[in-house]
Novice: 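Handing you this structure, nothing more for now.
Computed from a predicted model, the values in this text were never measured in an experiment. Indexing begins at 1, ligand by ligand and atom by atom, following the structure's order.
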Amino acid sequence: MDIESLDVPLMSYADACAKCNPRTRAAVVMDYAGYLADGDVWRDFARTCGLHLIEDAAHAAGLDGPGISGDAAVFSFFGNKNMTTAEGGMVVARDPDVLNKVKQMRSHGMTIGTTQRLRETSLTYDVTMLGYNYRMDELRAAIGLVQLRKLRHWNKQRETLSAAYRELLHSCCPGVSVPFSTPRPSAYHILPVILPERADRQRVADRMRGAGVQTSFHYPPIHRFSWYRSRFPSVRLPKTEEFCRRELTLPLHPKMLERDVELVVRVLAEALSR
Ligand SMILES: *Cc1c(COP(=O)(O)O)cnc(C)c1O
């Protein structure tokens, strides 16, 4: 699917409608940069087309929205997310059958888990599906519980910093736009900006690195990766491609101060003006 626009880089509803076909089984929506996809729209879409709806909420930990509209929402607690257990993640779902299936899949497809075997008298179990080893261990869970207590405060800090970025970028870098100009619920995971049409992103990033400011890029588009391109060579997603050509992610971290934001914006302005 293409994105809606450079300003709303979320899965396009119009494109999803156009591309849904009898072989389509599920829709996966992603809350890019932490900004929630429109749950009502996607729930109706999934219902109308008879699809499962899965939410990739890896950017949206700490929000109330994820998991409400879809069949399941998936979170990542990798080291670069809003909260982390270093590796690992979480699936939420309301349907007990879905939950049980996920629980069984995470542990080799076995019908009962280790703790259950310990408590119960039965010595044996069955394997009724192909499973994985995706269990989260207790050490990670302990880290996660402590992180969870800080998550809302951290997200609040991210929100304040994002607002400061928006205001400063507007006045100091008028050629740069910040997606999601219309407010919507967000966990403010990253701070993506769109550089002016003619800016050389690599040179801007190099200059900023030279001034001590790390930037990144979210993301190279999937359909341009070799593995996908060799299988789906004809996919063209013009808005996604333009977004991916012009996007630059500025530093955003709950421990940044407003004066760090000022520094980043000043360095960006200078990198663009040279
Ligand atoms: C990090 C991330 C993932 C992958 O999470 P893992 O924990 O590495 O499996 C998937 N989707 C999005 C949007 C992410 O940011």
Novice: Do we get Arg106 above Tyr132's six-membered ring, with its NZ or CZ under 6.0 Å from the centre and within 45° of the axis?
Specialist: no

Novice: Under 4.0 angstrom from atom 9 (O) of ligand 1, is there any protein heavy atom?
Specialist: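 Under the 4.0 Å cut-off, atom 9 (O) of ligand 1 has no protein heavy-atom neighbours at all.
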
Novice: Within the 3.5 Å criterion, strictly below it, is a donor on Thr84 or Gln147 matched to an acceptor on the partner's side chain?
Specialist: no

Novice: Does ligand 1 have an atom that lies less than 4.0 angstrom from a heavy atom of Tyr134?
Specialist: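 Checking ligand 1 against Tyr134, which is what was asked, there is no heavy-atom contact under 4.0 Å.
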
Novice: Decide if the gap between the ring center of Tyr32 and the ring center of Phe243 is smaller than 6.0 angstrom.
Specialist: yes

Novice: With nothing but distance in play, are any N or O atoms of His59 less than 3.5 Å from an N or O of ligand 1?
Specialist: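 Yes; at least one N/O pair falls below 3.5 Å.
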
Novice: In terms of atom number and element, which parts of ligand 1 are under 4.0 angstrom from non-hydrogen atoms of Met30?
Specialist: 13 (C)

Novice: So which heavy atom in the protein is nearest atom 11 (N) of ligand 1, and how far is it from that ligand atom?
Specialist: Asp56 OD2, 2.7 Å

Novice: Could you tell me the residue and atom name of the protein heavy atom closest to atom 1 (C) of ligand 1, and the distance to it rounded to 0.1 Å?
Specialist: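 Ranking protein heavy atoms by distance from atom 1 (C) of ligand 1, first comes Lys81 NZ, 1.7 Å.
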
Novice: Does Arg229 qualify as a cation-pi partner of Trp227, given the criterion of NZ or CZ under 6.0 Å from the six-membered ring centre and within 45 degrees of its axis?
Specialist: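 Relative to the ring axis of Trp227, which defines the angle, Arg229 lies outside at least one limit.
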
Novice: Need the ligand 1 atom indices (1-based, order shown) with element for anything under 4.0 Å from a heavy-atom of Tyr219.
Specialist: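 Ligand 1 atoms under the 4.0 Å threshold to Tyr219: 15 (O).
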
Novice: Taking atom CZ of Arg231 as the centre, does the number of heavy atoms from other residues, nucleotides or ligands within less than 6.0 Å exceed 12?
Specialist: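 Count over threshold, so yes.
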
Novice: Please identify which atoms of ligand 1 are closer than 4.0 Å to at least one heavy atom of Ala58.
Specialist: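 This gives 2 (C), 11 (N), 12 (C), 13 (C), 14 (C), 15 (O) as the contact atoms.
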
Novice: Run the salt-bridge test on Lys101 and Asp97 with the 4.0 Å N-O cut-off and return the result as yes or no.
Specialist: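 The answer is no: the pair does not qualify as a salt bridge.
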
Novice: Hydrophobic cluster membership, with links at side-chain heavy-atom distances under 4.5 Å among I/L/V/M/F/W/Y: are Val261 and Leu248 in one?
Specialist: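 Same hydrophobic cluster.
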
Novice: Starting from atom 6 (P) of ligand 1, what is the nearest protein heavy atom, named by residue and atom, and what distance separates them?
Specialist: Ser76 OG, 3.5 Å

